[in-house]
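Have a look at the structure below, then the notes.
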Amino acid sequence: VVTIDAASDIQVRASQRCNAPATLLPTSFLRTDPYNCGVTNYTFEFTPVAGCNDNTSTGISFTSTHNSRIIPLTLPSGTNPSNQAIQPQTYYSVRVRPNYGVGGIVPGTFGTAHIIFVGGSVLADTPSFDMEEQNDERINEENAEAVIYPNPNDGNGFILNAINLNNPAVRVTITDALGKTVYSKSYNVDGYINTTIQTPAPLANGLYFVQLADGDRFTTFKMVVE
């Protein structure tokens, strides 16, 4: 028998809700609060809706389960029903459910729904990128002190340096502007990492997102290859 204590209502972070106002990108990370102890994974429910203040459903609801309360909107873990995807220029009502036990087999309770707006396209306009960059700066302040350099670079590798890490292993993931993962590797660490990241093949010119995952903490950088 698994006994579940009352958990806090997990909700989309206030700064990312459409009435904040905030515009996310198809390559953004959706962030939720608060952290609840003992959670195995989280189920995110997305329902397309008519507008920021109109939760009339305009499409099928779908879920994606992730091991963190911060999830990339590329939804790499798959969806239920399958083959669903976050669409640009769309409002979504989002609820989050914590799951407990081995493999998350004991579901908790969905938190309060909030509406987000995913704007632009996979090639976002400059104002949207500026807003995401401001979000990334805030996340970097909240999480591990980390830098990547050189940036821009020639696609043949870069150095990742991060301190104040909490976990014995971290994962480095690189995605391109279309949300495709081009590199993902776990590194054993002892409170810090200072290493050269090299992909199996040189990266083509363009914009990339480098994510450092330290347990439930994520730091994301925009990297330019030229």
Side-chain angles (χ1 to χ4, degrees), residues 1-17 24 26-47 60-86 92-116 118 135-136 138-140 142-144 146 162 164-175 179 181 183-193 209-220:
V1 176
V2 177
T3 301
I4 303 175
D5 294 332
S8 300
D9 186 0
I10 301 176
Q11 305 177 23
V12 171
R13 184 169 294 181
S15 62
Q16 291 195 315
R17 301 171 193 172
L24 303 177
T27 50
S28 293
F29 287 80
L30 182 67
R31 310 174 194 279
T32 65
D33 295 312
Y35 169 77
N36 280 343
C37 183
V39 178
T40 303
N41 54 41
Y42 300 80
T43 297
F44 294 76
E45 179 192 70
F46 298 87
T47 303
I60 187 173
S61 295
F62 57 92
T63 62
S64 180
T65 298
H66 198 56
N67 60 6
S68 169
R69 61 188 174 90
I70 301 174
I71 186 173
L73 290 180
T74 49
L75 306 181
S77 58
T79 62
N80 183 25
S82 62
N83 300 320
Q84 302 299 311
I86 297 296
Y92 289 93
S93 176
V94 181
R95 298 192 303 168
V96 184
R97 185 188 72 204
N99 303 309
Y100 303 85
V102 177
I105 62 173
V106 182
T109 301
F110 274 109
T112 303
H114 291 284
I115 298 175
I116 64 172
V118 181
N135 288 341
D136 288 344
R138 286 196 293 269
I139 295 304
N140 290 344
E142 294 171 6
N143 294 306
N164 296 333
L165 300 172
N166 291 338
N167 291 273
V170 297
R171 178 163 290 276
V172 177
T173 302
I174 304 174
T175 57
T181 299
Y183 180 84
S184 185
K185 182 177 179 180
S186 180
Y187 292 84
N188 294 326
V189 298
D190 186 15
Y192 73 95
I193 183 173
F209 296 87
V210 180
Q211 179 200 86
L212 172 65
D214 177 25
D216 281 340
R217 303 194 310 167
F218 291 78
T219 305
T220 304

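For this chain, numbers begin at 1 and follow the sequence in order. Below, all heavy atoms of this structure are taken into account, side chains as well, without hydrogens, waters or symmetry copies.
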| said: Would you compute the distance between atom CD1 of Ile105 and atom CG of Asn41 and round it to the nearest 0.5 angstrom? | reply: 10.5 Å

| note | For Phe218 and Ala213, the nearest pair of non-hydrogen atoms, with its separation, is CE2-CB, 3.6 Å

| said: Quick check: closest heavy atoms across Ile60 and Pro81, and the distance to 0.1 Å? | reply: CD1-CG, 3.8 Å

| Taking C-beta and beyond as the side chain, do Pro107 and Thr43 meet within less than 4.5 Å on heavy atoms? | no

| At what distance, to the nearest 0.5 angstrom, does CG of Asp190 lie from CG of Leu165? | 9.5 Å

| Separation between CD1 of Ile86 and CG of Leu24, rounded to the nearest 0.5 Å | 9.5 Å

| task | Could you list the residues that satisfy side chain to side chain donor-acceptor pair (under 3.5 Å) with Gln11, not counting sequence neighbours? | result | Asp9, Arg17, His114

| request: Evaluate the side-chain proximity of Pro26 to Val118: yes if any heavy-atom separation is below 4.5 Å, no if none is. | output: yes

| said: For the backbone of Phe44 and the side chain of Ser64, can you confirm whether one donor and one acceptor N or O come within less than 3.5 Å of each other? | reply: no

Atom pairs and distances, side-chain donor-acceptor, residues 166-174, under 3.5 Å, sequence neighbours left out:
{"residue": "Asn167", "atom": "ND2", "partner": "Asp214", "partner atom": "O", "Å": "3.4"}
{"residue": "Asn167", "atom": "ND2", "partner": "Asp214", "partner atom": "OD1", "Å": "2.8"}
{"residue": "Arg171", "atom": "NH1", "partner": "Ser184", "partner atom": "OG", "Å": "2.9"}
{"residue": "Thr173", "atom": "OG1", "partner": "Ser184", "partner atom": "OG", "Å": "3.3"}

| field | Distance, nearest 0.5 Å, that separates OH of Tyr192 from CG of Asn164 | value | 13.0 Å

| Donor-acceptor contact present, side-chain Gln16 to main-chain Arg31, <3.5 Å | yes

| query | Tell me the salt bridge (charged side-chain N to carboxylate O under 4.0 Å, His left out) pairs involving residues 93-115, sequence neighbours left out? | reply | Glu45-Arg95

| said: Run the side-chain contact (heavy atoms from CB on, under 4.5 Å) test on Thr175 and Gln211 for me, step by step, so that the C-alpha distance in whole Å, both residues' side-chain angles and the decisive distance to 0.1 Å come before the verdict. | reply: CA-CA 8 Å; Thr175 57; Gln211 179 200 86; over 6 Å; no

| remark: One should read off an interatomic distance between His66 NE2 and Leu30 CG, to the nearest 0.5 angstrom, of 10.5 Å

| task | Mind checking ring pair (Phe, Tyr, Trp, His ring centres under 6.0 Å) for Phe46 and listing every partner two or more places apart, or none if nothing turns up? | result | Phe62

| Over all atoms of both residues, closest heavy-atom pair of Leu212 and Ala162 | CD2-CB, 3.7 Å

| field | Donor on one side chain, acceptor on other, Ser93 and Thr47, under 3.5 Å | value | no

| query | Can you name the side chain to side chain donor-acceptor pair (under 3.5 Å) partners of Tyr187, sequence neighbours left out? | reply | Tyr183

| query | Where is the tightest heavy-atom contact between Pro98 and Tyr42, given as atom of each residue plus distance? | reply | CA-CD2, 4.2 Å

Let me have the donor-acceptor pairs involving side chains of residues 69-76, under 3.5 Å, with sequence neighbours excluded, atom names and distances please.
{"residue": "Arg69", "atom": "NH1", "partner": "Thr32", "partner atom": "O", "Å": "2.4"}
{"residue": "Arg69", "atom": "NH1", "partner": "Asp33", "partner atom": "OD1", "Å": "3.1"}

